[in-house]
Colleague: 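The structure follows.
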Number of protein chains: 2
Amino acid sequence: MLCKRLRKRLQSVLFLKPTLYVTFENMKKKHNITLKELAKSLNISISTVSRALNDHPDISQSTKEKVKKLANEHNYVPNLFASGFRSHRTHILGVIVPNISHYFTTTVLKGVLEEGENLGYRVIISESKNDDKKQSEMLQTMMQFGVDGVLLALSRKTKSVDDILQTVNRIPLVMFDKVSGKIPCTQVVINEEEAAYNAVEHLINTGKRRIAIIKETEGSFNSEKRFEGYLRALKEHNLPIDEKIILSTEDISLTKGRMMANILLSLKKRPDAIFAITDSAAIGVIKALNKFKVSIPDEIAVVGFSNSASSTIISPSLSTVDQPGNKIGRTAVKYLIDEIENPKEDLITKTIEIKTNLIVRDSSFKV
Amino acid sequence: MLCKRLRKRLQSVLFLKPTLYVTFENMKKKHNITLKELAKSLNISISTVSRALNDHPDISQSTKEKVKKLANEHNYVPNLFASGFRSHRTHILGVIVPNISHYFTTTVLKGVLEEGENLGYRVIISESKNDDKKQSEMLQTMMQFGVDGVLLALSRKTKSVDDILQTVNRIPLVMFDKVSGKIPCTQVVINEEEAAYNAVEHLINTGKRRIAIIKETEGSFNSEKRFEGYLRALKEHNLPIDEKIILSTEDISLTKGRMMANILLSLKKRPDAIFAITDSAAIGVIKALNKFKVSIPDEIAVVGFSNSASSTIISPSLSTVDQPGNKIGRTAVKYLIDEIENPKEDLITKTIEIKTNLIVRDSSFKV
DNA sequence: AACGTTTTCGCAAACGTTTGCATAACAAAA
DNA sequence: TTTTGTTATGCAAACGTTTGCGAAAACGTT
């Protein structure tokens, strides 16, 4: 069957471009060579070949060399499904993220792909769509699929972590970005609190005294941390904390940002700066301010969080906290693979904090 | 070993939250039930169980029901590595895209993931980073990894398609977005030419007569097609074609868009509209026009292509061609899986054109 | 009752690899 | 020479599934 398919394809190719005859040569090696064939060719046993290739100490140097040489010549590649089947290792990593379309997420994924592929792993990606149940399903199928480990960024509202705990008990799992203290595993995060602190302090340094914050309602690990940073910055600079300008919203977004800005503008005592916990919200704020001809940053300065692609598109350009997604991805993968390849009996739950960078643009500081 | 790991994890969990004892129950079923066990339990042979589960016609209805019932009770899941190993099927799809960070790409990937998962496949994603060699490597590793089929969007400058042809000869391959006529396989694309035609016609309908285009230098399938649409629109409306306002650039981008706009502004006879083949370039154009206080769309209108996330962020908002990425992804996957599951001896190279939609915003038409 | 036909099922091999155990070869110690 | 000890290699089982082939059971037809 395959052979026929091959021939037909070939005909078609040849028909299109008669000069492409070279492809025929290449197609000969349609069958990956196996240990058995190598063994027969060298007149030794399969097990010896296997061990030689895996540098087993029992095999003599001379045999190893012979075997490796032949294997190279025939560019032998082990059948991953046979070995995975036998050894219960697949060399596949699973990644679950809430939304693959967020720019920040894609930078993390880039890092994951790069580092993972470097270390010899393939990566399966899934979206939980911020859906608790979907997330459980993904976890489930990934496990029964046999991934060697899982990288997980929690969906927005994860109520129960039972299934995640179950996963943690079966295979290595590393969390990043959206994490939860309830799950004992290594977690790669940014210094949320400090980043927010720095952002707010920057506003204070530019002379702002009445700084509003737009955050998520609750239950969001990241939002809470950033809010803590906000509070600490105000306290340490002896600024009053006014609940009127502390706004919370569910599923924070551009539209919500705009709405919150409208609320803030209608206040008797307007803020002179707005710190939005999210770039999208910050952009909504800017749009609202622009609409009402509020000058940015003079009347009201704006700072966001994430350094999304849009932050340089909006006008004025948005000051924001840069999260090094690539580094986060690479780091998470490294820890995950380490857990896979060097399984410890004792559970060590590290938390790795990646440093962020405040990027000052026109929305908070004009030269 | 696993057991120890389990116990340790458990201890740790218990230590954190003593109430979570329930997880212990769940952890019991650490071993997936096998065909052999089902067979023993029913006192029938393994092969009968296997065939019953796979709805083989040789098996009686009553037996099938018995088997399926028991399988469900023990929530049996086939060991994918055993069956993949045996049947040379992995139920994994490979996707190779130039850049995972482009918004359009992520929408395609969303579609691929959704539809693929629906149909029982996992998806491995890789980035070619617009690197010819990387792309070959990815293709290579994916094949030796054993994916059942490959979804491919060509990297920007793919010189040789030999290795792709080789892949086509081995396993099903479907191309999307960035395709090449040199490769005999089914291709899922948008109606590039028509989309561009519509965009330009829209500009003509709003009264524009001197419409510039910013495109890629050459060799880009998409760019050529869009250019053809541009030319046809002008011709069919009896407008002159002026090479002075046909600008080409390599690796088109926001910066390049800005540069091209500057060139166009310096012309004695300025255009009254600019059609950029890419949203990013169009946004660059808008930035340049804004800088020089050129009123949009009155003096110069702008239309882009892709409906990227930023097109509503920029001000004025960008008129652009919406490419239904999700649909493209879903369609491509459907065709790919069909090829996988119903292999034809004869090669049929379909081309599926997905309809696009012109989205009119402020940059081309003011209410 | 003897014989076909169809339906339903089991046996056993195969997929490519890893690995415990046995064994061969050989040298050194008894 | 026999024993003991290394070192190097081979045998064969196992992982869980699919599948060609053969056979038993069931049924109908002369």
Colleague: So if I take every side-chain heavy atom of S83(A) and compare against dT9(D), dC9(C), dT17(C), which nucleotide ends up nearest?
Modeller: dT17(C)

Colleague: Ignoring hydrogens and angles, does a donor from either the side chain of S47(A) or the base of dC11(D) sit under 3.5 Å from an acceptor on the other?
Modeller: yes

Colleague: Within the structure, does a side-chain N or O atom of S45(A) lie under 4.0 Å from either OP1 or OP2 of dG10(D)?
Modeller: yes

Colleague: What's the verdict on salt bridge (Lys or Arg N to Asp or Glu O under 4.0 Å) for R51(A) and D58(A), showing C-alpha distance, side-chain angles and the deciding distance?
Modeller: CA-CA 8 Å; R51(A) 281 190 257 251; D58(A) 273 7; 5.7 Å; no

Colleague: Want to settle it: does Q61(A) or L35(B) sit nearer the 5' end of DNA chain D, counting the closest nucleotide to each?
Modeller: Q61(A)

Colleague: When you get a sec, tell me which of dT9(D), dG10(C), dT8(C) is the closest nucleotide to the side chain of D58(A)?
Modeller: dT9(D)

Colleague: Can you tell which of dG16(C), dG10(C), dT9(D) lies closest to the side chain of A82(A)?
Modeller: dG16(C)

Colleague: Are E339(B) and K334(B) close enough for a salt bridge, meaning some N to O gap below 4.0 Å?
Modeller: no

Colleague: Which nucleotide wins on minimum distance to the side chain of T48(B), given the candidates dT9(D), dT19(C), dC9(C)?
Modeller: dC9(C)

Colleague: Just the rounded figure in Å: distance from P of dT19(D) to CG of D55(B).
Modeller: 14 Å

Colleague: What nucleotide among dT19(C), dC15(C), dT19(D) has an atom nearest to a side-chain atom of S50(A)?
Modeller: dT19(C)

Colleague: Go ahead and name the base partner of dT30(D); Watson-Crick or wobble counts if both distances stay under 3.5 Å, otherwise write none.
Modeller: dA1(C)

Colleague: So which nucleotide from dT8(C), dG16(C), dG16(D) ends up closest to the side chain of N79(B)?
Modeller: dG16(D)

Colleague: Verify whether one side chain among T34(B) and E37(B) offers a donor that lies under 3.5 Å from an acceptor in the other.
Modeller: yes

Colleague: Establish, from distance only, whether the side-chain atoms of S47(B) and S50(B) form a donor-acceptor pair under 3.5 Å.
Modeller: no

